[in-house]
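As a basis for the values below, the full set of heavy atoms in this structure was taken, side chains included, without hydrogen atoms, waters or symmetry mates. Order of the sequence lines sets the chain letters (A, B, ...), proteins ahead of strands, with each chain counted from 1.
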There are 2 protein chains.
Amino acid sequence: MSHIPGVRQAQKQKTRQALLDAALELLEGQSLSSLGLREVTRAVGIAPTAFYRHFRSIADLGVALVEQALGSLHPMIRTTVSTAGDGEERVARALELIARHVDAYPAHVRFIARERHGGVRPVREAIHSQLGLFTAEVGEALAGDPASAGWSEEDVLMLAQLYVDLMLGTASLLLEAEGPGARERVSRTAARQMRLIGIGRTHWLDRPDGSP
Amino acid sequence: MSHIPGVRQAQKQKTRQALLDAALELLEGQSLSSLGLREVTRAVGIAPTAFYRHFRSIADLGVALVEQALGSLHPMIRTTVSTAGDGEERVARALELIARHVDAYPAHVRFIARERHGGVRPVREAIHSQLGLFTAEVGEALAGDPASAGWSEEDVLMLAQLYVDLMLGTASLLLEAEGPGARERVSRTAARQMRLIGIGRTHWLDRPDGSP
DNA sequence: CCATGCAGTTAACAACTGTTCTCCGTAAGG
DNA sequence: CCTTACGGAGAACAGTTGTTAACTGCATGG
């Protein structure tokens, strides 16, 4: 419990981060449930048993990776939605932010998309939980918009979920997009989808009856 | 090449199906990339080497599973969309069909959701390909609707993709929904999301300019 | 300055993996 | 009826895996 980091603790977190980084890289070609403890330590260059000084298991490491990966997604999503209402330019700017994030942290995006429905329960739950927080945050941002006047909280959240899912799906598609024009094609459709949802949003309260 | 099945070929396809079934069951708690060849044969009760009489590798088996799983999803999605336009009842009926499918083939739904972004490339590609066919099919169904008059083919496909993704996401959420009221909550939000998209659809051409 | 704590090592374990080669029984086809 | 083709069994292979235990060196805190 030393307030000043100390050489010791610094080194520990250094190799801990090395383990996380190595795991993330190894996960490009496989799923977490097939990632081996020895595989990771070998990539880092430490003895297999040293792994236990940092994580109890691979699933444990996975949960840590979730926090790290979604920590980087956090500001992105917030910025995206704070600018994304209806206007053309807003949609375009949001999509550019997503693309930029995919370029900056491709492994993070891949990890989240892959393990969101992956085979390791605690990791799945961690992602679901964090994504729920994001949805709530996006919901707050949407609620602040005048276009959300008269909306129930439940409806705001369902809209937020729609946006979050679309953003994640688009990010994943951008990640796998290869070949000339592929990225542009993905962006075009994503832009239209966002626009269509925005249109549905503006007319949500138009219907004869309220919103049952 | 015997026209009549024959006892031999029948038995072969029987164990082949047993392998597929066993794999699907084992995949409830892990991802395909961690599924072992011996694990599957052990579950079926045959020698490990017999596996090669049916599949070249686990990835190969995975591709076969994709066709089987999406073969069962096929009629569901078609029926769903052919009934899902705008009306309240149509949305409700579509959701009921989805829920029914999740109950009937939970392992199939889990497999597709998990391996869609999973760690085995050929399987990912097979799913993406099949899902693309579905999207096209849904697009055709949508194009037949009078509400799609004046829509470009590209826009119809982007709407179809939106619907397909929403259906898959909802199915996955239903699968993991546990506890009283969880399923109902998932269904409620999914219904509203479908409704909102439907609203966006009806007002898609309302905007001042055409659709760039 | 010295004793303690702890990141990391080494060795060893039983169990498991994918794959090859050889063999067996039997349905299929002439 | 007799040969062939083939689904499956068996044994063996070289590697790999997670986890244990006891050990070492060194920064840390008193």
Side-chain angles (χ1 to χ4, degrees), chain A residues 1-23 25-65 118-123, chain B residues 1-23 25-65 118-123:
Chain A
M1 286 287 185
S2 59
H3 23 160
I4 296 175
V7 180
R8 205 101 191 216
Q9 311 228 1
Q11 186 61 24
K12 170 160 185 178
Q13 284 188 337
K14 204 171 171 184
T15 64
R16 184 192 140 100
Q17 188 57 44
L19 284 168
L20 290 168
D21 291 345
E25 193 175 350
L26 288 167
L27 283 175
E28 183 180 340
Q30 60 186 319
S31 305
L32 187 69
S33 82
S34 68
L35 185 65
L37 173 159
R38 296 181 100 106
E39 204 178 346
V40 180
T41 56
R42 193 186 312 133
V44 171
I46 62 175
T49 54
F51 180 89
Y52 296 105
R53 302 290 180 190
H54 304 273
F55 305 101
R56 213 183 306 243
S57 65
I58 284 287
D60 198 22
L61 177 146
V63 173
L65 266 182
V120 184
R121 184 165 246 262
V123 172
Chain B
M1 287 287 186
S2 60
H3 22 160
I4 296 174
V7 180
R8 205 99 191 222
Q9 311 227 1
Q11 184 60 26
K12 170 161 186 179
Q13 284 188 337
K14 204 171 169 183
T15 64
R16 183 191 142 101
Q17 187 58 43
L19 284 169
L20 289 168
D21 291 345
E25 193 175 351
L26 288 168
L27 283 175
E28 183 179 341
Q30 61 186 318
S31 307
L32 187 69
S33 82
S34 67
L35 185 65
L37 172 158
R38 297 181 98 105
E39 205 177 347
V40 180
T41 56
R42 193 186 312 132
V44 171
I46 63 175
T49 54
F51 179 90
Y52 295 104
R53 303 288 181 191
H54 303 273
F55 304 101
R56 214 184 305 243
S57 66
I58 284 288
D60 199 21
L61 177 146
V63 173
L65 266 182
V120 183
R121 184 164 246 262
V123 172

>> Rounding to an integer number of Å, can you tell me how far B:Leu37 CG sits from C:dT19 P?
In response: 7 Å
> Between atom CG in B:Leu35 and atom C1' in C:dT17, what is the gap in whole Å?
Replying inline: 12 Å
> Roughly, in whole Å, what's the span from CD in B:Gln17 to C1' in D:dG7?
Replying inline: 17 Å
>> Can you build the contact string for nucleotides 6-13 of chain C? Use B for base contact, S for sugar-phosphate-only contact, and - for no protein heavy atom under 4.0 Å.
In response: BBBBBBB-
>> Can you pull out every side chain to side chain donor-acceptor pair (under 3.5 Å) where at least one residue sits in residues 45-61 of chain A? Sequence neighbours excluded, please.
In response: A:Thr15-A:His54
Could you go through residues 34-44 of chain A and list every donor-acceptor pair under 3.5 Å that involves a side-chain atom there, pairing it with any protein atom two or more places apart or in another chain?
from	atom 1	to	atom 2	distance (Å)
A:Ser34	OG	A:Gln30	OE1	3.0
A:Ser34	OG	A:Ser31	O	3.0
A:Ser34	OG	B:Ser33	OG	2.8
A:Glu39	OE1	A:Gly36	N	3.0
A:Glu39	OE2	A:Gln30	NE2	2.8
A:Thr41	OG1	A:Leu37	O	3.3
A:Thr41	OG1	A:Arg38	O	3.0

> D:dG8 P sits how many Å from B:Phe51 CZ, rounded?
Replying inline: 13 Å
> To the nearest Å, how far apart are B:Phe55 CZ and D:dG7 P?
Replying inline: 13 Å
> Whole Å only: how far is the CD1 atom of A:Ile58 from the C1' atom of D:dT19?
Replying inline: 13 Å
>> A:Gln13: which residues meet the side-chain contact (heavy atoms from CB on, under 4.5 Å) condition with it, sequence neighbours left out?
In response: none
> Just how far, in rounded Å, is P of D:dA21 from OH of A:Tyr52?
Replying inline: 12 Å
>> Just to verify, what does A:Arg16 make a side-chain hydrogen bond (donor to acceptor under 3.5 Å, both in side chains) with, not counting sequence neighbours?
In response: none
>> Expressed as a whole number of angstroms, how long is the span from A:Glu39:CD to D:dT17:P?
In response: 6 Å
> Residues two or more places apart in sequence or in another chain: which of them pass side-chain contact (heavy atoms from CB on, under 4.5 Å) with A:Glu28?
Replying inline: A:Arg110
> Among D:dG18, C:dT19, C:dA27, which nucleotide sits nearest the side chain of B:Val7?
Replying inline: C:dA27
> Taking only N and O in the side chain of B:Arg42, is any of them less than 4.0 Å away from OP1 or OP2 of C:dT17?
Replying inline: yes
> Hey, are the side chains of B:Ile58 and B:Val120 touching, using non-hydrogen atoms and a 4.5 Å cut-off?
Replying inline: no
